[in-house]
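Just so you know, these numbers use all the heavy atoms, side chains as well, and skip hydrogens, waters and symmetry mates.
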Amino acid sequence: MILTNKYKLPKAFEKFSKNDEYSRGDADISVTSLIDSPQVFRLRTKHDSEITEDVSDQIFSLLGTAIHLVLERGADENAITEERLYMKCPGPGNLRLSGAIDLQTPSEDGWILSDYKTCSTATLMHSSKPEWHKQLNCYAELVEQAKGETVASLEVIAICRDWSAFRRKQKGYPASPIVKVDIPLWTSEERREYIFNRIQAHELQKLCNAQDRWSKPGRFAVMREHRVRAIKILDTRKEAEDYIQCLKPAGRGGGYFVEYRPSKNIRCENNYCQVSNFCEQWSKIYQDTFL
């Protein structure tokens, strides 16, 4: 990866970025890559030396690393912190999977697996991310396969980087900047089936689906002349046209029209995957949508 420092930040930021290269250890693939898009994993591996990132873009990674270090030092003496485990995956290829678990705490029923996450308050207000469920359950399978021990429960310790005490009384807003999120524990059969299917997807080098692209479908906005903002945004043109017909009998004047808002592929458009510049799939979508 090519690192830049376009804002002339102190050298400490550059050193962190250079030393923060993620390693999957002696494995074919890590859990975080397994649950992500096969195409993103393939393109990142192929174009690693061509990807450019500014050190300022790694601020949330820096904060996450700092939090991990502090909490690792303060963990209970009976707990296990930052342990990387390995297992052979089910299915063809016999690939070696690895994952680093932030915290394993013993209990009467087995190990409690915890993962620290820095996130926005909006993430918690709209329920936990599906990726958290997949990642933690892969970790559970790693513990049971690599160590032969029982996992009792899973949890994410979410640290909200934008939490505000002023908004804490708002409906659905986290009461604290640190929230424990319980993650459902799948059965071993469910976990192994999920890992098997993900390995197959990577071996087939499947293209990114709508979820991988963080896609939002196109919608139809009800607009009015000389007004910038939409009055209403609906899923279909018919719904938008019917809405306009309801406005006219209500005596709300005229000048209404329907404006189509194209679909968005947020991850691709903002290069959050870091490889959209190398992606033929995104190039075709962009041409079909914008050109």
Side-chain angles (χ1 to χ4, degrees), residues 4 6-7 36-37 39-40 43 51-54 56-60 63 117-132 158 160-175 177 179 181 206-291:
T4 60
K6 59 186 178 183
Y7 299 111
D36 199 2
S37 158
Q39 180 164 244
V40 169
L43 290 176
I51 296 172
T52 299
E53 184 174 31
D54 194 75
S56 62
D57 295 329
Q58 295 198 350
I59 180 59
F60 294 127
L63 293 174
K117 301 287 188 187
T118 54
C119 63
S120 66
T121 51
T123 296
L124 297 181
M125 292 177 72
H126 296 90
S127 76
S128 60
K129 291 185 176 182
E131 290 78 11
W132 294 359
C160 303
R161 54 179 177 258
D162 60 346
W163 187 84
S164 169
F166 178 76
R167 298 180 61 193
R168 70 193 311 170
K169 293 184 179 180
Q170 180 180 335
K171 184 178 179 180
Y173 197 81
V179 180
V181 181
K206 288 189 175 181
L207 300 180
C208 291
N209 57 31
Q211 184 177 3
D212 295 329
R213 303 192 306 270
W214 304 351
S215 180
K216 290 187 176 181
R219 304 188 74 191
F220 297 84
V222 175
M223 306 294 295
R224 191 172 187 180
E225 293 178 357
H226 311 301
R227 177 172 173 153
V228 177
R229 299 185 65 181
I231 296 172
K232 190 83 171 178
I233 299 178
L234 299 156
D235 293 331
T236 67
R237 181 175 292 277
K238 186 178 186 306
E239 287 178 327
E241 291 173 345
D242 289 347
Y243 187 81
I244 290 176
Q245 293 304 314
C246 292
L247 292 175
K248 289 178 178 179
R252 299 188 182 182
Y256 297 103
F257 61 96
V258 177
E259 179 182 273
Y260 177 64
R261 302 285 177 85
S263 61
K264 290 182 176 293
N265 294 278
I266 298 172
R267 192 180 191 186
C268 311
E269 292 176 27
N270 296 281
N271 196 30
Y272 289 139
C273 61
Q274 299 181 313
V275 290
S276 61
N277 294 336
F278 310 104
C279 180
E280 293 181 4
Q281 181 187 8
W282 168 237
S283 177
K284 186 178 186 308
I285 293 173
Y286 181 84
Q287 291 178 21
D288 292 344
T289 306
F290 299 104
L291 300 182

Taken in chain and number order and not counting sequence neighbours, the residues that satisfy side chain to side chain donor-acceptor pair (under 3.5 Å) with Arg161 are none
ring-ring contact (aromatic ring centres under 6.0 Å, His included) filter on Phe278, not counting sequence neighbours, yields His47
CG/Leu234 to CD1/Ile244 distance, rounded to the nearest 0.5 angstrom?
9.5 Å
Could you walk me through whether Gln211 and Glu131 pass the side-chain contact (heavy atoms from CB on, under 4.5 Å) test, one step at a time?
CA-CA 11 Å; Gln211 184 177 3; Glu131 290 78 11; 4.1 Å; yes
Are Asp162 and Ser120 close enough that a side-chain donor and a side-chain acceptor fall under 3.5 Å?
no
Nearest 0.5 Å please: distance from the OH atom of Tyr256 over to the CZ atom of Arg227.
8.5 Å
Looking at Cys208, is its backbone amide N or carbonyl O close enough to the side chain of Arg213 to form a donor-acceptor pair, meaning the two atoms are under 3.5 Å apart?
yes
Please test Arg261 against Ile233 for side-chain contact (heavy atoms from CB on, under 4.5 Å), starting from the C-alpha separation and ending with a verdict.
CA-CA 9 Å; Arg261 302 285 177 85; Ile233 299 178; 3.9 Å; yes
How long is the span from the CZ atom in Arg237 to the CZ atom in Arg219, to the nearest 0.5 Å?
14.0 Å
Quick one: closest heavy-atom pair of Val228 and Met223, and the distance?
O-CE, 3.2 Å
Within this structure, what is the OG-CD distance for the pair Ser276 and Gln281, rounded to the nearest 0.5 Å?
11.5 Å
Rounded to the nearest 0.5 angstrom, the CD-CZ distance for Glu225 and Phe257 is 7.0 Å
Taking only residues two or more places apart in sequence or in another chain, which ones pass side-chain contact (heavy atoms from CB on, under 4.5 Å) with Asp54?
Thr4, Lys6, Tyr7, Ser56, Asp57
Any sub-3.5 Å donor-acceptor pair from Asn271's side-chain atoms to Val275's backbone N or O?
yes
